[in-house]
Amino acid sequence: MIQRDDSIALGRGQRPGARQDPRLDWWRDAKFGLFIHWGLYAIPAGVWKGTPIPGIGEWIMRFARIPVAEYEKLAEQFNPVAFNAAEWVSLARRAGQKYIVITSKHHDGFCMFQTAQTRYNIVDATPFGRDPLKELAAECQKQGIKLGFYYSQTQDWHHPDGHGNDWDFDETKKDFDGYIEHYVKAQVRELLTNYGPICLIWFDTPMIIRPEQSASLVELCHTLQPDCLVCGRVGNELGDYASAGDNKIPRTAVDADWETPATINDTWGYKQDDHNWKSTSDLLHKLVDIVSKGGNYLLNVGPTAEGIIPQPSVERLLAMGEWLAVNGEAIYGTRPGPIQGVEWCRSTARPGKLYVHVFDWPRGGELRLSGVNGVTGAYLLSDPARTPLRVAQSGADLLVFGPTQAPDPIDSVVVLTRGSAA
Ligand code: FHN
C-alpha cells in the first residue's frame, strides 16, 4: 500500500500523488546518486589536538568548540594533490550512480569553490589553489553524470552572522537576515552561474530560516536555472522533493518524490577511526528497499584531505555497480511494485514487467507470491537467454519455480511479464 510516512516531511510540492513535475523526470528515474562530503574537516579527520572527537567528522569544529581563528588555519595545510575529478566521476559512473552532489559549503563555512564573497575558499586560502567544483563540473559534462551542490544555507560557523557558532559569536547580535540576503544569495548565484547546468541544490539543516527566506532561495535557484531542483531541506516545507531523515528508510512505499541521504560508514566527512563500513549486501539491499518504496538513494563518501576516496568505499561502490550492470533494468526508471511488506523480497515495476528482488532465496527454489495478477511468464534477469521459469497458480498465490540455489547471493531478480511485454 502506498501511503505517507512520518519519517519524511512532505512539502507543498511533494504531496502524495503529485509526482507530476516533468523537471523531476530524470531524477525519478535515476534512483542512485553519489553524495560527497569534502572539506577542511578531512584534515583533523575526527581527532583534535590528539583527542578523538566523537560524532560525525564534519561537525568537529562545533563538537570541539574550535575557535574560528584556529580552525581557519587548516586552510593553510589543505593541499589535496591526489584529487582527480575524472576518477571521482568515473567511480560514480561505474557504481551506476546517475548524479553527484558535493559539498560546496558545509556548516564550517569553508567554501570548496571560488567565491568573491569571502577569501575563505579553496582557491584563495589554500596552497592547492584549484577549484575542484569547476573540475568536477567539466568531468561530469564529459562523462554524462549530473552534478548538484550541497550548500549549508543556515548554519555557517565561520561567518559572524551565520547560525550555529555561539562560542565565537553572540547569537543575539547576529544579522542572520543580512547573511541570507547578501552572502548566501550571492553564493547561490555564483554556484548557479559559474558551473554550467547544475541539477540540484541540496540545502540542509534549515533550522531558523523563515518561510519567506526559504521561498526566496527556491525562487532564486529556479530563476537562475529553471531545471535546477531544490532539495526539501531548504526548509519550511518548500523545495522540489522531500528528504527522508539521514539513513532513514520509510516503512512503506511513499507516493511522493523523496530521497534517503545515507552514510557508507558512520560519518559523512572523513574520519580516520571510522571503519564501520556497511557491507555491499547491506548497501544493495538498502538501495533496492528504497527504490521499491519509490525513493532515491544518495550514498555518501568522505574523501581524505589528500583527495582520495577511501578504498573500502571504492570497493563497495564498484561492487554495487557490478550488480547494477546486470540488474539495472529492475532499478532505473522503475516504480514501486505491488508486493510490499514482505520480509524476504521487494518489488519494482514498469509497464508490462514486475521485478521480484529475492533477498532470501527459498529452499528448493519455489517462490510463492501474493497479490500478483496477469502474469504471462517469468525469467531471471541475470539470464541472458531468458530461459522461461515455470509458473503456476496456487489459489490466490502465484508459484514461480526457480533454480534450487540462489542465482545471486545478494539479490536475485525474477522478472514477471504481464500483458504483452516481452
Ligand atoms: O548536519 C548535517 C550533516 O553534517 C550531514 O551533512 C547530513 C547529510 O544529510 N545533513 C545534516 C544532518 O542532517
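Order of appearance sets the numbers: ligands from 1, and atoms from 1 within every ligand.
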Checklist entry - Under 6.0 Å from the six-membered ring centre of W26 and within 45° of its axis: does the NZ or CZ of K98 meet both? => result no
Next on the checklist: Applying salt bridge (charged side-chain N to carboxylate O under 4.0 Å, His left out) as the test, list every pair that has at least one member in residues 314-324; sequence neighbours left out.
Outcome noted: none
Next on the checklist: I need the full list of salt bridge (charged side-chain N to carboxylate O under 4.0 Å, His left out) pairs touching residues 327-338, with sequence neighbours left out, sorted by first then second residue.
Outcome noted: D29-R335, E329-K353
Item to check | salt bridge (Lys or Arg N to Asp or Glu O under 4.0 Å) partners of D246, counting only residues at least two apart | outcome: R233
Give one line per pair: atom of ligand 1, protein atom, distance. Only N/O to N/O under 3.5 Å.
residue: ligand 1; atom: 1 (O); partner: W59; partner atom: NE1; Å: 2.9
residue: ligand 1; atom: 1 (O); partner: H107; partner atom: NE2; Å: 2.8
residue: ligand 1; atom: 4 (O); partner: E58; partner atom: OE2; Å: 2.5
residue: ligand 1; atom: 4 (O); partner: W59; partner atom: NE1; Å: 3.0
residue: ligand 1; atom: 4 (O); partner: H106; partner atom: NE2; Å: 3.2
residue: ligand 1; atom: 6 (O); partner: H37; partner atom: NE2; Å: 2.7
residue: ligand 1; atom: 6 (O); partner: H106; partner atom: NE2; Å: 2.8
residue: ligand 1; atom: 6 (O); partner: D204; partner atom: OD2; Å: 3.4
residue: ligand 1; atom: 9 (O); partner: R233; partner atom: NH1; Å: 3.3
residue: ligand 1; atom: 9 (O); partner: D246; partner atom: OD1; Å: 2.8
residue: ligand 1; atom: 10 (N); partner: D204; partner atom: OD1; Å: 3.4
residue: ligand 1; atom: 10 (N); partner: D204; partner atom: OD2; Å: 2.5
residue: ligand 1; atom: 10 (N); partner: R233; partner atom: NH1; Å: 3.4
residue: ligand 1; atom: 13 (O); partner: R233; partner atom: NH1; Å: 3.0
residue: ligand 1; atom: 13 (O); partner: D246; partner atom: OD1; Å: 3.4
residue: ligand 1; atom: 13 (O); partner: D246; partner atom: OD2; Å: 2.7

Item to check | Pairing of E76 and K73 as salt bridge, 4.0 angstrom limit | outcome: no
Checklist entry - Q153 pairs by side chain to side chain contact (heavy atoms under 4.5 Å, CB included) with which of Y179, F203, Y183? => result F203
